[in-house]
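All residue numbers refer to positions in the sequence shown, counting from 1.
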Amino acid sequence: MNQNNLKVALAQIAPIWLNKFETIELVKSKILEAAKQKCDLIVFGEGLVPGYPWWLSITHSAAWDHKTQKEIFAHYASNAIQIERGDLSEVQKIAKENRIAIYLGIIERPTDRGGHSLYCTLVYIDQTGEIKSVHRKLQPTYDERLVWSPGDGNGLQTHPLKNFTLGGLNCWENWMPMARTALYGLGENVHIAVWPGAVRNTENITRMIAQESRSYVISVSSLMRKTDFPKDTPHLDVILENCPEVLADGGSCIAGPDGKWILEPQAHFEGLLVETLDFQRILEERQNFDPVGHYSRPDILKLKVNKKRQSNVDYK
C-alpha cells in the first residue's frame, strides 16, 4: 500500500430532504460505491443528513412566533442526528467493514446540550469505524442563525490518514482565518471544506486556502432542486411558492498545494468525483512557504484555542 497516495471520493448528491433515515441509506450506498473504487476517504456536503434549511431564504423565516415556521423547524429537528443514540452506527459499521474514512455533514441534536437545539456538524469517522471528531460549526451564517446554534472549539481536530493529516470546516467558517490557523497548527495538509452547494462559494476560496496553507483543499457541495422537496414536507406549498428551480448547483472541487486546480468546480453533476492525491506535492510546496512553520513568527503572533466542549451545566 502506497502511503503517499490518497484516493478520495467527493459525494456530490442531493439528500432525501429532511428524511434522516432515507438520506442515511443514500449515504451508505455512496460509501459502498466509493469502497468498490478502492477509495481511502469519502466526503459529503454540509448538513447533508437530513439537509440544509433551504426554506429560510424563501419563506418569512424571521417572523416572530409564527406557527408555520415552528412546525417546519419541529420537522427539521425530528430528523436531526443524535449521535449518542446510535444514529450513525450503520455508517460506522460500513466504514469499518470497507476500511474507508468518512467526513459527513449532519444536522446534530446533541443530548449534551439538552437535546433540543440544532448544530451544523461535521463528523469524521476513521477507517476502523470510530467517530474521531464531531465539529459543530463555530458561527452559523446569516439566516442559518434562526435554526442553528453556535458551536465550540472541541471539533477543531486533525486526523492521520496514511501519510496525510486531515482537518475540516463547514461552509463560511472556512473564511475564518483563525479557524483555519488552528487546523494548520495541528499539522493539517488536506483541508476539507464542506458546503450546502454552489459554485460561487467554492470557485475562489478553494484555491485561496490551498495557496495560503500549501495543502490540498477538497471542497464538497450538495445539490438541491425544486423537484427534490419530498411531497410530505410540512407546508410544502409555502416553501415552493418562491422557490427557484435550482437552490444548490454543486461546485465540488479540489485544489493542489500550489493553488492550481486538480478538479475544477463541477456544477449540476450528481454522483462521485474521484481523484488521487500525492503527498510529495505537499512537501514540495512547503519548501518556500509554511504558514505555521518556517514562515511564521510565534514570538510576535500566536493563536489561543479553547477546545473544551461547552455546556451550561458541569456535573461533578
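- Taking a 6.0 Å sphere around CZ of Arg309, one finds it holds more than 12 heavy atoms contributed by other residues, nucleotides or ligands.
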Quiz prompt | Intermediate values then yes/no, side-chain hydrogen bond (donor to acceptor under 3.5 Å, both in side chains), Thr59 and Gln69 | solution = CA-CA 9 Å; Thr59 67; Gln69 294 298 326; 3.0 Å; yes

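- Enclosure of atom NZ in Lys226 by more than 12 non-hydrogen atoms of other residues, nucleotides or ligands within 6.0 angstrom is indicated.
- Hydrophobic clustering (side-chain heavy atoms under 4.5 Å, transitive across Ile, Leu, Val, Met, Phe, Trp, Tyr) keeps Leu186 apart from Val292.
- For CE of Met208, the number of neighbouring non-hydrogen atoms (other residues, nucleotides, ligands) closer than 6.0 Å is greater than 12.
- Between Ile100 and Ala35, the shortest heavy-atom contact is CD1-N, 4.1 Å.
- A side-chain donor-acceptor contact under 3.5 Å links Arg286 to the backbone of Ser213.
- Residues Lys28 and Glu25 share a closest heavy-atom pair of NZ-OE2, 3.0 Å.
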Self-check item: side-chain hydrogen bond (donor to acceptor under 3.5 Å, both in side chains) assessment of Ser221 paired with Ser252
Solution: CA-CA 5 Å; Ser221 295; Ser252 298; 4.6 Å; no

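- Residues Ile58 and Pro244 form a side-chain contact, since some pair of their non-hydrogen atoms from C-beta on lies under 4.5 Å apart.
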Exercise. Show the numbers, then the answer: is there a side-chain hydrogen bond (donor to acceptor under 3.5 Å, both in side chains) between His75 and Thr233?
Key: CA-CA 8 Å; His75 180 62; Thr233 302; 5.4 Å; no

Exercise. Determine, step by step, whether Ile218 and Val190 satisfy the side chain to side chain contact (heavy atoms under 4.5 Å, CB included) criterion, reporting the C-alpha distance in whole Å, the side-chain angles of both residues, the deciding distance to 0.1 Å, and the verdict.
Key: CA-CA 7 Å; Ile218 301 173; Val190 178; 3.8 Å; yes

Exercise. Kindly indicate, with the supporting measurements, whether the criterion side-chain hydrogen bond (donor to acceptor under 3.5 Å, both in side chains) is fulfilled by Glu71 and His66.
Key: CA-CA 9 Å; Glu71 290 179 353; His66 196 284; over 6 Å; no

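- In the displayed structure, Trp172 atom CH2 is contacted under 6.0 Å by at most 12 heavy atoms of other residues, nucleotides or ligands.
- Taking every heavy atom of both residues into account, Pro291 and Ser296 meet most closely at O-CB, 3.4 Å.
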Quiz item: Hey, mind stepping through Arg136 and Asp112 against salt bridge (Lys or Arg N to Asp or Glu O under 4.0 Å) and telling me if it holds?
Solution: CA-CA 12 Å; Arg136 296 171 187 165; Asp112 68 9; 3.1 Å; yes

Exercise. Could you please spell out the steps behind the side chain to side chain contact (heavy atoms under 4.5 Å, CB included) verdict for Leu41 and Leu161?
Key: CA-CA 9 Å; Leu41 170 70; Leu161 185 58; 4.0 Å; yes

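- Contact detail for Cys253 and Glu264: the closest heavy-atom pair is CB-C, 3.7 Å.
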Quiz item: Between Lys162 and Asp40, does a salt bridge (Lys or Arg N to Asp or Glu O under 4.0 Å) hold up when you go through it step by step?
Solution: CA-CA 9 Å; Lys162 291 187 167 180; Asp40 303 297; 3.3 Å; yes

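- No donor-acceptor pair closer than 3.5 Å links the side chain of Glu188 to the backbone N or O of Leu166.
- When atom types are taken as modelled, the side chain of Gln12 and the backbone of Gln266 share a donor-acceptor pair closer than 3.5 angstrom.
- In this structure, CG on Leu169 lies 6.5 Å from CG on Leu156, to the nearest 0.5 angstrom.
- When side chains are defined from C-beta on, Trp195 counts as touching Asn174, because their heavy atoms get closer than 4.5 Å.
- With Lys20 contributing its side chain and Ala80 its backbone, the two residues share a donor-acceptor pair below 3.5 Å.
- Judged as a side chain to side chain contact (heavy atoms under 4.5 Å, CB included), and not counting sequence neighbours, the contacts of Arg281 are Tyr216, Pro257, Asp258, Asp278, Glu284, Glu285.
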Quiz item: Met224 and Asp249: side chain to side chain contact (heavy atoms under 4.5 Å, CB included), yes or no, with the steps?
Solution: CA-CA 7 Å; Met224 190 68 188; Asp249 63 4; over 6 Å; no

Exercise. Test salt bridge (Lys or Arg N to Asp or Glu O under 4.0 Å) on Glu212 and Arg180 and set out the steps.
Key: CA-CA 10 Å; Glu212 174 185 71; Arg180 297 195 304 270; 2.7 Å; yes

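- Listed for the Gln157 side chain is a donor-acceptor partner under 3.5 Å among the backbone atoms of Asn154.
- In the hydrophobic clustering of ILVMFWY residues, with side-chain heavy atoms under 4.5 Å counting as a link, Trp175 and Val217 come out together.
- Salt bridge status for Asp152 with Lys307: absent, with no side-chain N to carboxylate O gap under 4.0 Å.
- For Ala9 against Val274, the heavy-atom pair with the smallest separation is CB-CG2, 4.1 Å.
- The distance between the ring centers of Trp55 and Tyr76 falls below 6.0 angstrom.
- Judged purely by atom type and a 3.5 angstrom limit, Asn4 has no side-chain atom pairing as donor or acceptor with the backbone of Phe279.
- A salt bridge is defined here as a Lys NZ or Arg NE, NH1 or NH2 lying under 4.0 Å from an Asp or Glu carboxylate O, and Lys96 with Glu130 fails to meet this definition.
- Here OG of Ser57 is found 10.0 Å from CG of Asn242. Values are rounded to the nearest 0.5 Å.
- Ile81 and Ile13 fall within a single hydrophobic cluster, where Ile, Leu, Val, Met, Phe, Trp and Tyr are joined by side-chain heavy atoms under 4.5 Å apart, directly or via other members.
- Between the side chain of Arg145 and the backbone N or O of Pro140 there is at least one donor-acceptor pair closer than 3.5 Å.
- Hydrophobic cluster membership differs between Ile205 and Leu273, with clusters built from Ile, Leu, Val, Met, Phe, Trp and Tyr side chains linked at under 4.5 angstrom.
- Looking at Asp126 and Arg99, no side-chain N of the basic residue comes within less than 4.0 Å of a carboxylate O on the acidic one, giving no salt bridge.
- Hydrophobic cluster membership differs between Phe21 and Ile16, with clusters built from Ile, Leu, Val, Met, Phe, Trp and Tyr side chains linked at under 4.5 angstrom.
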Practice problem: Kindly determine whether Leu277 and Val8 satisfy side chain to side chain contact (heavy atoms under 4.5 Å, CB included), including the steps that lead there. | Solution: CA-CA 8 Å; Leu277 313 183; Val8 301; 4.3 Å; yes

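- The only member of Ile106, Ile31, Val123 that meets side-chain contact (heavy atoms from CB on, under 4.5 Å) when paired with Phe44 is Ile31.
- In this structure, Trp148 has its ring center under 6.0 Å from that of Tyr52.
- Within the model, atoms CG of Leu138 and CE of Met176 stand 5.0 Å from one another, a figure rounded to the nearest 0.5 Å.
- A salt bridge between Glu33 and Lys30 is present, with a side-chain N of the basic residue lying under 4.0 Å from a carboxylate O of the acidic one.
- For Glu46 (side chain) and Asn170 (main-chain N/O), no donor-acceptor pair under 3.5 Å exists by modelled atom type.
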Quiz item: Given the rule in the salt bridge (Lys or Arg N to Asp or Glu O under 4.0 Å) test, do Lys93 and Glu90 qualify, once you have shown the distances and angles that lead to the verdict?
Solution: CA-CA 5 Å; Lys93 182 180 177 182; Glu90 291 185 13; over 6 Å; no

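- Between the side chain of Asp87 and the backbone N or O of Gln82 there is at least one donor-acceptor pair closer than 3.5 Å.
- Salt bridge status for Glu245 with Arg225: absent, with no side-chain N to carboxylate O gap under 4.0 Å.
- Panel note: side chain Lys137, backbone Pro150; no donor-acceptor pair is recorded below 3.5 Å.
- Residue Tyr295 comes nearest to Asn288 through the heavy atom pair CD1-O, 4.1 Å, listed as atom of the first residue, atom of the second, then distance.
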